[in-house]
*Asks:* 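Here it is, the structure in full.
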Protein chains: 2
Amino acid sequence: MARKIPEGEFRNKERTKLKLIQAVGVIIRTEGYTKLGVNRIADTAGVSKKLIYRYFGNADKLIETYVKGEDYWMMFSTSDQEPIEESVEDQGQAAIARMLKSLYEHLESSPEARKIIVWEISEKSQLMKEVSQNREKFGAPILAQLDAFFDSSDIDIRGILSLLLGGIYYINLHSNSTGGNFCEIENQSEERKKRIFKSLEAILEWTYEEAGKQKTREKTPSK
Amino acid sequence: MARKIPEGEFRNKERTKLKLIQAVGVIIRTEGYTKLGVNRIADTAGVSKKLIYRYFGNADKLIETYVKGEDYWMMFSTSDQEPIEESVEDQGQAAIARMLKSLYEHLESSPEARKIIVWEISEKSQLMKEVSQNREKFGAPILAQLDAFFDSSDIDIRGILSLLLGGIYYINLHSNSTGGNFCEIENQSEERKKRIFKSLEAILEWTYEEAGKQKTREKTPSK
DNA sequence: GAATTTTGTCACCACTTGGAGATATAATGA
DNA sequence: TCATTATATCTCCAAGTGGTGACAAAATTC
């Protein structure tokens, strides 16, 4: 018969594992993913590094359990995300605008999220590949819903959105590190956010407008 | 009287300095900036690391002389960059489109350029801050020229451009590492480039169109 | 109580890092 | 030819890396 797992006050496997996992988060937040190693992790967890090997195999596996436990897979706060169907009449324009804005705000407010993104584009690791792929999987149904409206137009909604998404990512990553201006827009200011949001909305507006124009032209092919 | 600098076949200061500087480039290209250190640099240069300290002070100074010697300051191939004035009638629309496209192609074809950008957004180093600031300085006159056209409109050309520039950066950085799709657009394909270019042109077109509309409305304030 | 198993620490290994001092040697000037 | 000087290498150091085996101590079972 298997022996009961010790759950004493001083020796408690699960508690120690949690300490190690949380230490990973602390290090990413304060020192960056580059500093993730058995020694640092064990030190910040206040525990022997030997346990990392015993409980997780190695540092990578431990990091993996941390990253997969967080919701970096989506990057959106799923709570304030009303269903897209709610906005059928505007073909999801408002919903997309909301998503892009909340992505911006999430990146702006979460140093950890920024660090993870930088991590993704810095290394060719299997872990980061998975994180990236899962984000794609998350976006798929949203893109599928947009196709209904844009398929009949000349607009490449995926092309437009990758530019906007990439722009949001980069602008926030840029401010994270060097801190200088970008396109002469001051860094990390309310002013910048306002300007980016306005431009974002304008581009989306034009995109939908153009697609709408092409749709009506299609219905009434007379010049 | 100062002694002549030795220029022998075996002992030649300038040649050795060049070897070290070039080694920096090799490492960035093949292993990434994270691997830049006295030991690696000296090894790839095939020279004693002591010389890095004698000739440059430390590794950072050596790296600085390398980076400043390259044209990462601008990121555009200045050769095919016709003067913007050439296109006064379209208010620089074609010139901007050309610049954005050539930036995309430069990032696409140069792993080193991508690595430098990742470097910029990864670390808070003085060197990378300077690189970033100089790029800003390079863009300033271009932005200034656009103001003449956009100032009287509601369009925030700097906001639009930071989204587009950031988008171009991110799309290429993303493909560099994980390699997965982005917004369901396949990676590093001619297809992707075509789609991004088309979206880029569309957004620019809408931007200029809208600004033009507001300009004529201004001239004839009648509704 | 004693025996056993799990949890945890510690000391150690080989290796790499940035950096410095001692020393050898090639290039120069006489 | 021989001393001087700049160039280059070599060895050593302390600190940090990932990883492991020996051992202590707590929790469990008998």
Side-chain angles (χ1 to χ4, degrees), chain A residues 1-24 26-28 30-66 119 122-123 125-127, chain B residues 1-24 26-28 30-66 119 122-123 125-127:
Chain A
M1 189 55 190
R3 188 190 177 89
K4 192 199 165 205
I5 324 145
E7 288 176 358
E9 192 184 350
F10 300 103
R11 312 218 157 181
N12 184 321
K13 186 173 174 178
E14 289 309 314
R15 177 159 46 77
T16 308
K17 280 170 81 173
L18 206 68
K19 271 195 225 167
L20 284 167
I21 292 172
Q22 287 169 338
V24 172
V26 171
I27 293 172
I28 291 178
T30 58
E31 309 184 83
Y33 72 94
T34 50
K35 296 292 165 57
L36 285 174
V38 277
N39 295 299
R40 251 275 194 338
I41 296 173
D43 276 359
T44 41
V47 108
S48 168
K49 66 177 171 179
K50 185 72 195 271
L51 301 179
I52 294 175
Y53 296 103
R54 238 211 291 281
Y55 295 153
F56 298 94
N58 56 36
D60 282 347
K61 297 269 191 64
L62 164 57
I63 296 166
E64 187 176 333
T65 54
Y66 171 78
W119 194 356
S122 298
E123 284 187 13
S125 70
Q126 186 54 35
L127 173 58
Chain B
M1 188 56 187
R3 189 190 176 88
K4 192 198 165 203
I5 322 145
E7 288 175 357
E9 193 184 349
F10 300 102
R11 311 219 160 182
N12 184 322
K13 186 173 174 178
E14 289 310 313
R15 177 159 46 77
T16 308
K17 279 169 82 174
L18 205 68
K19 271 196 225 166
L20 285 167
I21 293 172
Q22 288 170 337
V24 172
V26 172
I27 293 171
I28 291 178
T30 58
E31 310 184 83
Y33 71 93
T34 50
K35 297 291 164 57
L36 284 174
V38 277
N39 295 300
R40 245 280 188 341
I41 296 174
D43 276 358
T44 42
V47 108
S48 168
K49 67 177 170 177
K50 186 72 197 269
L51 301 180
I52 294 175
Y53 296 106
R54 229 208 294 287
Y55 295 153
F56 299 94
N58 55 38
D60 281 347
K61 297 269 189 65
L62 164 57
I63 296 166
E64 188 177 331
T65 53
Y66 171 79
W119 192 358
S122 298
E123 285 187 11
S125 69
Q126 186 54 35
L127 173 58

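Note: hydrogens, waters and symmetry copies are ignored here, and every other heavy atom, side chains too, is used. Naming convention: chains lettered A, B, ... in sequence-line order (proteins, then strands); numbering from 1 in each chain.
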*Asks:* Taking only distance into account, with no hydrogens and no angle test, what donor-acceptor pairs under 3.5 Å do side-chain atoms of residues 54-64 of chain A form with protein atoms, sequence neighbours excluded?
*Replies:*
residue, atom, partner, partner atom, Å
A/N58, OD1, A/D60, N, 3.1
A/N58, OD1, A/K61, N, 2.9
A/E64, OE2, A/K68, NZ, 3.1

*Asks:* Does B/Q22 reach the side chain of B/Y66, with side-chain heavy atoms less than 4.5 Å apart?
*Replies:* no
*Asks:* Rounded to the nearest angstrom, tell me the gap between atom NZ in A/K35 and atom P in D/dT17.
*Replies:* 9 Å
*Asks:* Starting at CG of A/N58 and ending at C1' of D/dT17, how long is that distance when rounded to a whole Å?
*Replies:* 14 Å
*Asks:* With respect to the phosphate group of D/dT17, does any side-chain polar atom (N or O) of A/R40 fall under 4.0 Å of OP1 or OP2?
*Replies:* yes
*Asks:* Return the value, rounded to whole Å, for the distance between atom CD of B/E14 and atom P of D/dA8.
*Replies:* 10 Å
*Asks:* Rounded to whole Å, please give me the gap between NZ in B/K17 and C1' in D/dA8.
*Replies:* 15 Å
*Asks:* Only counting residues at least two apart or in another chain, list the ones meeting salt bridge (Lys or Arg N to Asp or Glu O under 4.0 Å) with B/K49.
*Replies:* none
*Asks:* Using salt bridge (Lys or Arg N to Asp or Glu O under 4.0 Å) as the criterion, list what pairs up with A/K19, not counting sequence neighbours.
*Replies:* none
*Asks:* For DNA chain D, determine which residues of residues 46-56 of chain B have any heavy atom closer than 4.0 angstrom to one of its atoms, and list them numerically.
*Replies:* B/V47, B/S48, B/K50, B/L51, B/R54, B/Y55
*Asks:* Once you round it to whole Å, what is the distance between P of D/dA26 and CZ of A/R15?
*Replies:* 13 Å
*Asks:* Looking at residues at least two apart in the chain, or sitting in another chain, which of them share a side-chain contact (heavy atoms from CB on, under 4.5 Å) with A/K50?
*Replies:* A/S48
*Asks:* Measure the distance from NZ on A/K13 to C1' on D/dT28 and round it to the nearest whole Å.
*Replies:* 15 Å
*Asks:* Quick one: ring-ring contact (aromatic ring centres under 6.0 Å, His included) partners of A/Y53, sequence neighbours excluded?
*Replies:* none
*Asks:* Rounding to a whole Å, what distance do you find between B/N39:CG and D/dA15:P?
*Replies:* 17 Å
*Asks:* Over how many whole Å does the gap from A/K4 atom NZ to D/dA26 atom P extend?
*Replies:* 17 Å
